[in-house]
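What follows is a set of notes on a single structure, which appears directly below.
Please read these numbers as outputs of a predicted model, since none were measured by experiment.
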Amino acid sequence: MAGQDGGGRYDPTAVEAKWQQRWDETKAFAARVDADRQPYYVLEMFPYPSGRIHMGHVRNYSIGDVIARQRRMAGYRVLHPIGWDAFGMPAENAAIQHGAHPAAWTHDNIAHMRHQLRRLGFSYDWDREIATCEPRYYRWEQLFFLRMLARDLAYKRRALVNWCPRCNTVLANEQVVNGQCWRCDGPVEDRELEQWFFRITAYADELLRDLDRLGGWPERVVTMQRNWIGRSEGARIDFPLDGRDGALTVFTTRPDTIFGVTFVSLAAEHPLVPTLVRGTPAAAAVDAFTARARATSRLERTAGKDGVPTGAFCRHPLTGERIPIWVANFVLMDYGTGAVMAVPAHDERDFQLARAHDLPVRVVVQPDPPLDAATMTEAWEGPGTLVASGEFTGLPSDEAKARITAALAATGHGEATVNYRLRDWGVSRQRYWGTPIPVVYCDACGMVPVPEKDIPVVLPEDVAFTGTGGSPLATHEAFLRTTCPTCGGPARRETDTMDTFMESSWYFARYTSATTDDVPFDPAEVAYWLGQRGVDQYIGGIEHAVLHLLYSRFFTKVLRDLGFLQLDEPFRNLLTQGMVIKDGAKMSKSKGNVVDPDYLIDRYGADTARLFCLFASPPERDLDWNDQGVEGMSRFLQRLWRLTQSLAPRLAPAGAPLPSPLPPPDQELHRLVHRTIQRVTDDVVDRLHFNTAISAVMELATAIAGAVETARPATLREAVDVTLVLLAPFVPHIASELWEVSGHPGALDDAPWPRADAAALVREHVELPVQINGKVRARVTVAADAGEDEVLAAALADERVQEHLDGRPVRKHVLVRGRMVSLVV
RNA sequence: GCCGAGGUGGCGGAACUGGCAGACGCGGCGGACUCAAAAUCCGCAGUCCGAAAGGGCGUAGGGGUUCGAUUCCCCUCCUCGGCACCA
């Protein structure tokens, strides 16, 4: 592009301030229901108000903003909201460490981050901003909790839970990563506590089944959720106790191996263990063993398989044989029944325990070549033919599963059943900065839900943060002491608060009705924006693949069943963006490789920052930060600025018709304009590959610069207009400014998204590569509508083709219309 | 161990359903402008052989299907992510 001058230097700070102010004043991005137009809901995972925006946010919100702005120009009514996931531990830790109140700390952070987001020019409907720490928000959560309680979807029980001693609170299973706390990375311990749970397991089957409907989700997220839910089909089988009443119930996925059972293993925590060993010679050894197992963390328990005999026996349900009962360290109390039938020949863990303690190994599933129980060194877990299995001998193991289960069911010793790895969601947190759980405890009436008319139960602000002794709520007398809604007597409030994943499980629905205070969701708004579709496009980090994305799916189904939503799935399409990497590691304070968005905006402007995040890699991949790459984006915008400024006086008026017929020099540019429309639209709408969309516009801009001297004013006008319109979603400020400079009276945000003109894409001649024996040897130019014979003749007539054929006859030819010619000699 | 994603120039990445590998950007080299530099503009650039014309080799490695393979199939290696005693 020539270094034409005119119109002054590109000053992003001034340009961006001007347009941000205008968008603000005109409420350009307010989402309004309009029955005549298609709704489109685009949402980015809302930020935790940690204090500052980081590059991951810039990337996340830039992606969302491109989609929101493009859909808006394409004629949709767009809902594109923002808010704050404002409850959580860092606020509380700041209070303990610096004395700032969590509320003040949170609100300060929100104010700062809001300012940063505004400087980036995202097209949010700021009137729908929410902060989850406000009673206006969490009161509805308390309502949902009460309704769930009434339906037995929320319940309290004493349970072994994950306890983080550093964070002083319980963690959900989803929040334990490799035996460590997801937040502080400290080791997680088991503790037995009275806890609130949500019955997510009641939805396990639907959560699993509906994964098949999530065609707009990345396969790996679907897979991770499928594995997390972990459905196993099998059987529940009773082994009657020997010499006493009752039975031991096990769960197995291999009922076909039941004739190979040589012992039964119980979890250390199994309630039957003390009963079985009390007063027996085995008691001391078993007590020592279970005590040791309980004291070890889950991580350490994986060290090796071990067990101890209880001295008690049960009876095989089909043969009546006496079976010894063991306690084993690898049996989990919270999966299945906490008891397993041990089949050493066909389960590796049982095999190891059997070999270690000289317990019998009995082969009952025989593969080819056959196994020898005496010499085998590992369990055979594959299929085979049943042997030594009574009337079932000779059956293939697959078939035997159902047959044996049926036989057990017939005698009342078992039934087919399904087990899930998924556990109920523990939602109690022994922390202050969260939604109070709306129940009270009365000495006379027990646990009593707070009546709906009395919510919100507001989190008191006048609390003391000592950092020790658990939740400050537990010592706040005014909060704690209340009266029982049932009997009017003295009662005390629940001091646990809800897991912060509660707030994020339904915020997407609240955006439809952010300012409604009489009901959680305004019927008209929620029907229009969410309806039965859900969020049209959701964008966020992969780290939430199981946590947030599973909880919100569950919560959506609960809200549907409670009558609040008509929705089965919250997010129709999901885009999981990669991390922002610099110098080979994720940007983080501890690594010292953070790039501050404020610095970037000050130095280059928001448009450059946005453009780089979108250009450097496709969204689902990690983005490798590169300071020089940012310079490159800045250079492109400056080139665009100079080009448009210098060209503006020479352009035909906006909307001027193209010359007809188009002179040949203009045809090329005109065609490229429409090909670019096609490419960018496809990339932005269908592929979500913004990097290639941007490169296409760059090519168009280069072509315009090259055609300045030859193309007609109207052709240049079309090219410049299309360039700016296509760039508007990516770099809205500079595009708006240049749109105005180039003589458009209206705002660029209101310009319609262009359509590619099929006629413009037609070419008269095409250049085809000619392959000889699979290698490209020449190129020939033929009429676009040339027939096969004509193309072949042209190829054979080519001098270079003749050279390479060297007189040999063409044995075979392949012609692909408009693509290539292939000759075989 | 199981599941998933990936491996393309010096770097980030293109190549939509098998059809001209390396678009676009960064970095590099050469040139123009300049007293000079920066900025800007123009050009070159996978690699090897060759003065050139041209040719050989090239998408982790090996094999296969095909007129034609980065793309499909089989095997191997490597990287990243998830799950990890789930009976």
Would you kindly check whether a donor in the side chain of A:Q628 faces an acceptor in the base of B:rG25, or vice versa, at under 3.5 angstrom?
-> no
Look at all strands and tell whether A:V824 reaches a base, only sugar-phosphate, or nothing, counting heavy atoms closer than 4.0 Å.
-> sugar-phosphate
Can you tell me, in whole Å, how much space there is between the C1' of B:rG12 and that of B:rG22?
-> 13 Å
Watson-Crick/G-U partner (both atom distances under 3.5 Å) of B:rA38 | none
Would you mind classifying the nucleic acid contact of A:R800 as base, sugar-phosphate or nothing, using non-hydrogen atoms under 4.0 angstrom?
-> sugar-phosphate
Taking atom C1' of B:rA87 as reference, at what distance in whole Å does atom CG of A:D256 sit?
-> 13 Å
Does A:A328 offer a backbone N or O that forms a donor-acceptor pair with the side chain of A:W326 under 3.5 Å?
-> no
For A:D622, answer base if it contacts any base atom (sugar-phosphate contacts may also be present), sugar-phosphate if it contacts only those atoms, and nothing otherwise; contact means non-hydrogen atoms under 4.0 Å.
-> sugar-phosphate
Using a cut-off of strictly less than 4.0 Å, decide whether A:R621 has a side-chain nitrogen or oxygen near OP1 or OP2 of B:rG13.
-> yes
Quick one: look up who B:rC57 pairs with, Watson-Crick or G-U, both distances under 3.5 Å, and put none if it's unpaired.
-> B:rG46
Identify the nucleotide, in any strand shown, that forms a Watson-Crick or G-U wobble pair with B:rU65, with both distances under 3.5 Å; if there is none, say none.
-> none
For A:R226, report the nucleic acid contact type (base, sugar-phosphate, nothing); a contact means any heavy atom under 4.0 Å.
-> nothing
Is the shortest side-chain N/O distance from A:R687 to OP1 or OP2 of B:rA15 below 4.0 Å?
-> yes
Check whether any side-chain N or O of A:Y335 sits under 4.0 Å from OP1 or OP2 of B:rA87, and answer yes or no.
-> yes
Do the side-chain N or O atoms of A:R421 get closer than 4.0 angstrom to the phosphate oxygens (OP1, OP2) of B:rA84?
-> yes
Validation row: A:F251, A:V340 side chains within 4.5 angstrom (heavy atoms) | no
Does B:rA52 have a Watson-Crick or wobble partner in any strand here, with both distances under 3.5 angstrom, and which is it?
-> none
Does A:S232 put a side-chain nitrogen or oxygen below 4.0 Å from OP1 or OP2 of B:rA87?
-> yes
If B:rG81 has a Watson-Crick or G-U wobble mate with both distances under 3.5 Å, name it; if not, just say none.
-> B:rC3
Complementary nucleotide of B:rA14, counting Watson-Crick and G-U pairs under 3.5 Å | none
